[in-house]
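Here is how names work: the chains are called A, B, and so on, in the same order as the sequence lines, proteins then strands, and each is numbered from 1.
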Amino acid sequence: MKNIIVKANAGALTNFEVLDLLNSRGASKDTTRVIASETVSRSEYKVYDYLMETAASTQTRESVTKFSDKCKDFKLAKAEILNIINLRPSSDVELTPILEKPDEREIDIEGILALVQELLPPLPTVEAQKENEQEETENDEQS
Amino acid sequence: MFCLSELEDTVRVPPDLLKLPLEVAIKKVLQKLFLDKVFSLTFFLLSIGLCLFIYDIKSAEGGFVLPGDGAPTYKVVFIIVVFRPFVGEVIAARFKESDSNGLRLTLGFFEDIYVPAPLIPRPNRCEPDPCNRNQMRWVWIFEEQEYIIDDSYQINFRVENISYPPVPTERAEDAKLFAPMVITGAIDDDGLGPVSWWEGCSERNNEDDDT
């Protein structure tokens with residue numbers, strides 16, 4: 001068997017960073033994706049399709065970085081910040097499963113939700129997903 | 001749920017790829033070895049996760065041709081993007097199928113997510129699916145309202161466990177395709193399960209939200 005050595009398990013990535021990576025390799029939503037297939041494999045497209053339906057598809061590098069920075073004021077763990085960025089919760093009940101023992105840690109839930117609302121773009125709506133033109137304009141705005 | 005892993009491996013580049021720039025040739029060989037496959041036991045013993053794509057090649061040394069071989073071999077250090085969720089992570093997935101043991105969810109690129117019956121909110125009941133004779137359907141009963149679990153909405157689940165089953169030496173003809181990585185998920189908590197269950201809550205909490 002091959003002698004594969006793991007040197008380091010470096011860096012967790014947010015969904016946004018992975019989507020950004022795929023975008024920079026030429027992945028796109030339009031039907032002519034066969035052109036990009038030289039650089040983007042089938043498995044990469046499956047990941048791309050998944051991510052385009054999540055909060056990552058409307059996020060920008062600036063908003064994600066700003067949000068992570070501001071999160072430091074809220075005493076959140078790295079994993080929790082990652083989860084929040086990936087899921088973009090918009091209510092108390094969506095945020096609670098992400099946090100570990102929020103009551104014991106006196107977490108400012110309202111504050112976090114307000115920050116999410118302020119800095120992270122809203123989730124892609126179902127209607128927007130169905131309309132291809134709207135998707136492409138959103139992509140243009142992001143890039 | 002994604003992270004970068006740095007690996008080192010020896011890569012043999014077949015002669016027909018040598019006309020390409022070295023980095024491109026090595027990338028092609030690596031992609032063929034690692035991607036689009038359910039595979040290599042070694043990866044999961046090392047608990048790397050599901051390898052998705054090559055992020056970067058850090059270095060490639062060597063290029064020696066071993067006796068009797070027409071192809072050069074390189075020692076390559078490269079970085080791949082892997083799918084490796086952590087326990088406690090909440091992930092958005094879609095319904096794939098369900099049976100009397102529980103639900104199966106999918107992310108498109110990864111389909112072995114199982115929510116066993118005990119992690120489906122109670123009280124619930126399991127009944128034959130009227131739309132699909134082969135399947136069972138799960139229904140959560142809360143305050144006399146029935147909430148069906150099906151594929152109409154995205155389903156958020158929390159990762160409870162990740163296991164890497166050993167490769168079976170023998171398999172029955174009709175056994176399911178071997179899954180080297182299996183995620184066990186839970187949907188029995190606030191905010192988990194189909195997102196439609198909680199939509200009412202966010203409307204009530206954030207009245208100035210323009211959805």
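Under 4.0 Å is where a charged nitrogen must lie from a carboxylate oxygen, and between Lys72(A) and Asp69(A) at least one such pair does. A salt bridge links Arg104(B) with Asp112(B): at least one charged nitrogen is closer than 4.0 Å to a carboxylate oxygen.
Residue with the most contacts toward chain A among Phe110(B), Phe83(B), Phe86(B): Phe86(B) (heavy-atom pairs, distance under 4.5 Å). By number of non-hydrogen pairs under 4.5 angstrom with chain A, the leading residue of Met1(B), Arg158(B), Gln154(B) is Met1(B). Ranking Ile98(A), Leu21(A), Thr14(A) against chain B, the residue ahead of the rest is Leu21(A), based on heavy-atom pairs under 4.5 Å.
Proximity to chain A is limited to the side chain of Val81(B), based on heavy atoms less than 4.5 angstrom apart. For a residue to count as touching a neighbouring chain, one of its non-hydrogen atoms must lie under 4.5 Å from one of that chain's; by this rule Leu51(A) touches chain B with the side chain only. For a residue to count as touching a neighbouring chain, one of its non-hydrogen atoms must lie under 4.5 Å from one of that chain's; by this rule Pro97(A) touches chain B with backbone and side chain alike. Neither the backbone nor the side chain of Leu95(A) comes within less than 4.5 Å of any heavy atom of chain B.
Side chains of Ser24(A) and Asp20(A): no donor on one and acceptor on the other come within 3.5 Å.
Between Arg12(B) and Val29(B) there is no side-chain heavy-atom pair separated by less than 4.5 Å.
For the ring pair (Phe, Tyr, Trp, His ring centres under 6.0 Å) with Trp197(B), the qualifying choice from Tyr153(B), Phe142(B), Trp140(B) is Trp140(B), the only one to do so.
Rounded to the nearest 0.5 Å, atoms CG (Asp49(A)) and CZ (Phe109(B)) are 11.0 Å apart.
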